[in-house]
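Remember, it's 1-based here, ligands and their atoms both numbered in the order they're listed. Residue numbers run from 1 in the order of the sequence given.
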Amino acid sequence: MSYQTITIEKRAKGVAWITVDHPPANAIGEQLMQDLEAAVDELTEDDTVRVVVVASAHEKIFLAGADLKGMIHNSGDADGEEDMIARQSARMQACFNRFATMPKPVIAAINGHALGGGCELAMACDFRIMGKGRIGLTELSLGLIPGAGGTQRMTRLLGRAKATELIFTAKRLEAKEAETIGLVHRSVDPDDLESDTTAFAEVLAKGAIHAMGLAKRAIHVAEGPIEEGLKVEANAFSDTFMTDEPSIGLAAFFQKEKAQFLD
Ligand code: COA
């Protein structure tokens with residue numbers, strides 16, 4: 001399988017690294033989603049792969065979230081067709097859900113900013129180990145809401161009170177703070193991220209990974225079905241475009257300014 005925006009490397013002890021390499025910011029557009037979906041298929045079916053690590057080739061960004069340039073373009077096309085935006089949100093949700101349901105352990109090795117969709121993909125993984133950068137659901141600062149499972153997964157991970165605070169304020173947390181509240185499992189020295197992740201992945205790889213896959217299925221059910229929440233999220237994401245807030249937020253982002261939603 002050939003990929004345009006990621007590489008896959010099969011390392012020792014059955015640990016496979018998916019490394020996202022999509023300059024300038026590892027933003028998630030159609031091609032990256034297609035590559036991630038194909039990678040999930042490939043790594044799920046490959047019995048020699050016991051543990052998957054999601055990483056980034058960018059020096060300081062894990063993933064900068066949904067492709068905002070593509071979003072502006074598509075929201076222009078979507079006049080009178082709001083559910084096209086809901087469908088795009090559902091597409092990204094489905095892509096990340098493939099990581100959440102992959103029947104083997106998946107670790108996000110967060111080397112830098114994991115914002116918006118980057119945070120959502122990391123939350124879809126079983127483990128998050130973070131070196132530097134900031135992590136958070138930043139969509140509200142753009143007049144949007146998280147549309148790739150973030151409202152559901154952050155609430156499940158942190159509880160309603162903390163999730164509401166972080167989503168409303170679009171807060172970008174440093175690794176230590178994210179570790180303190182349980183958003184990441186471990187913050188590590190950035191220079192040690194790769195070796196620490198490898199060591200942890202190899203511990204898992206030496207374990208009963210089929211049992212882990214089955215336990216994962218049951219653990220997810222313990223949190224309750226996610227499907228209804230994802231539908232509501234995709235429709236709510238689309239509804240943001242019925243207000244003037246996304247145009248204010250996105251214009252401000254591209255002008256490198258803070259959005260002013262209050263006149
Ligand atoms: N979609 C599309 N392009 C993006 C992007 C995104 N999500 N995030 C960054 N970029 C682009 C920038 O527009 C810039 O392009 P340019 O060189 O043509 O101006 C380039 O990537 C580098 O970004 P820049 O902001 O200049 O780099 P930085 O190092 O100062 O900051 C980030 C990096 C990731 C902290 C910052 O870009 C950011 O906050 N991005 C948005 C994150 C976000 O809120 N995502 C949620 C989306 S729903």
Side-chain angles (χ1 to χ4, degrees), residues 4-6 20-36 54-76 78 84-93 95-96 108 110-124 130-154 163 166-175 177-178 183 190 230 233-241 243 245-261:
Q4 292 179 37
T5 57
I6 63 172
V20 179
D21 189 4
H22 187 40
N26 282 352
I28 309 155
E30 179 62 27
Q31 186 59 52
L32 179 51
M33 267 195 287
Q34 276 181 26
D35 285 349
L36 290 172
V54 184
S56 156
H58 197 285
E59 187 197 337
K60 57 178 189 167
I61 298 174
F62 175 66
L63 281 90
D67 181 356
L68 297 172
K69 290 174 187 161
M71 198 179 286
I72 287 187
H73 176 73
N74 290 330
S75 67
M84 193 183 108
I85 297 175
R87 281 204 302 276
Q88 283 169 351
S89 166
R91 173 89 200 278
M92 213 155 141
Q93 291 174 341
C95 175
F96 293 177
I110 305 168
N111 66 309
H113 302 300
L115 302 172
C119 176
E120 290 173 300
L121 176 59
M123 290 193 294
M130 185 166 175
K132 61 182 192 312
R134 303 261 181 166
I135 182 166
L137 293 178
T138 49
E139 290 86 349
L140 270 283
S141 66
L142 301 162
L144 303 166
I145 68 161
T151 60
Q152 306 303 299
R153 293 207 168 88
M154 185 171 272
L166 292 180
I167 291 170
F168 281 19
T169 60
K171 195 162 176 196
R172 301 170 179 225
L173 303 171
E174 286 178 351
E177 198 179 354
L183 180 56
L230 290 176
E233 182 189 84
N235 287 327
F237 180 78
S238 166
D239 286 351
T240 60
F241 286 89
T243 77
E245 290 176 348
S247 55
I248 296 170
L250 292 170
F253 173 74
F254 286 111
Q255 284 155 20
K256 302 196 189 280
E257 287 168 3
K258 188 172 165 25
Q260 303 295 336
F261 296 108

Heavy atom of protein closer than 4.0 angstrom to [atom]:
atom	value
atom 30 (O) of ligand 1	no
atom 45 (N) of ligand 1	yes
atom 22 (C) of ligand 1	no
atom 40 (N) of ligand 1	yes

Problem set entry | Where ligand 1 meets D67 - atom numbers and elements under 4.0 angstrom, heavy-atom basis | 1 (N), 2 (C)
May I ask you to identify the nearest protein heavy atom to [atom], giving residue, atom name and distance to one decimal place in Å?
atom	result
atom 25 (O) of ligand 1	K256 NZ, 3.9 Å
atom 10 (N) of ligand 1	A25 CB, 3.7 Å
atom 20 (C) of ligand 1	P24 CG, 3.8 Å
atom 37 (O) of ligand 1	F253 CZ, 4.0 Å
atom 15 (O) of ligand 1	K69 NZ, 3.4 Å
atom 43 (C) of ligand 1	T138 OG1, 3.3 Å
atom 47 (C) of ligand 1	L68 CD2, 3.7 Å
atom 28 (P) of ligand 1	K60 NZ, 4.3 Å

Exercise. Can you check side chain to side chain donor-acceptor pair (under 3.5 Å) on Q31 and T5, steps first, answer last?
Worked result: CA-CA 7 Å; Q31 186 59 52; T5 57; 5.4 Å; no
Problem set entry | Test item: side-chain donor near acceptor, Q152 and E233, under 3.5 Å |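 Their side chains do not contain a donor-acceptor pair, so the 3.5 Å distance test is not met.
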Any nitrogen or oxygen of [X], side chain or backbone, less than 3.5 Å from one on ligand 1?
X	value
A66	yes
F254	no
E139	no
R172	yes

What closest approach, in Å, do [X] and [Y] show between heavy atoms, and which atom pair accounts for it?
X	Y	result
Q260	I248	O-CG2, 3.5 Å
A259	S141	CB-O, 3.8 Å
G143	T240	O-CB, 3.8 Å
L140	P146	CD2-CD, 4.1 Å

Exercise. Is there a donor-acceptor pair closer than 3.5 Å between any side-chain N or O of H113 and the backbone N or O of L115?
Worked result: no
Exercise. Is any side-chain N of the basic residue among R134 and E174 closer than 4.0 Å to the acidic one's carboxylate O?
Worked result: yes
For this session: For the pair K171 and E177, find out whether any cationic side-chain nitrogen is under 4.0 Å from an anionic carboxylate oxygen.
Result: yes
Exercise. Applying a strict 4.0 Å limit to heavy atoms, is R134 in contact with ligand 1?
Worked result: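 Heavy atoms of R134 never come under 4.0 Å of ligand 1.
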Problem set entry | Nearest-0.5 Å distance, CG of residue N235 to CD1 of residue I85 |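 Output value for this atom pair is 11.5 Å.
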Exercise. Using a heavy-atom cut-off of under 4.0 Å, does the side chain or the backbone of A27 touch ligand 1, or both, or neither?
Worked result: side chain
Exercise. Around F254, counting heavy atoms of other residues, nucleotides and ligands shown, do more than 12 lie under 6.0 Å from its CZ?
Worked result: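 Correct, the count exceeds 12.
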Exercise. Around E59, counting heavy atoms of other residues, nucleotides and ligands shown, do more than 12 lie under 6.0 Å from its CD?
Worked result: no
